Amino acid sequence: MPMYEYSCEDCGKKFQFFQKSIRSEKKQTCPECGSSKVRKLISSFSAVSDSGSSDSGSCPTGMCPFS
């Protein structure tokens with residue numbers, strides 16, 4: 001299930017929302033102030049290495065195109 005990040009344009013609160021399908025996207029409201037002026041943020045992702053630790057944006061050894 002995809003997780004989306006939003007930012008409220010009124011109070012600045014950032015929050016996350018799990019959504020079953022991109023097709024069923026409904027208008028989100030800020031959990032802090034209730035405003036409907038929210039924007040979807042571009043999110044980074046986290047990869048899990050062989051050691052089991054979580055590193056944001058890193059690649060498993062030998063799999064990264066940047067090394």
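In this chain, numbering begins with 1 at the start of the sequence shown. These figures come from a predicted structure and were not determined experimentally.
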Open item on the list: Which residue is it: C30, S36, P31? I am looking for the one with a side-chain contact (heavy atoms from CB on, under 4.5 Å) to C8.
Closed with: C30
TODO: Would you please name every residue forming a salt bridge (Lys or Arg N to Asp or Glu O under 4.0 Å) with K37, sequence neighbours left out?
DONE: D10
Task: side-chain hydrogen bond (donor to acceptor under 3.5 Å, both in side chains) against S7, all qualifying residues, sequence neighbours excluded - done: none
- [ ] Supply the atom-to-atom distance F15 CZ to Q28 CD, rounded to the nearest 0.5 angstrom.
- [x] 6.0 Å
Task: Shortest non-hydrogen contact between T29 and V38, atoms and distance - done: C-CG1, 4.3 Å
- [ ] Any chance you could measure K14, atom NZ, to R39, atom CZ, to the nearest 0.5 Å?
- [x] 7.5 Å
Task: Value rounded to 0.5 Å, distance of CD in E9 from OG in S35 - done: 8.0 Å
Open item on the list: Taking ring-ring contact (aromatic ring centres under 6.0 Å, His included) as the definition, give me every residue that meets it alongside F17, ordered by chain and number, with sequence neighbours left out.
Closed with: none
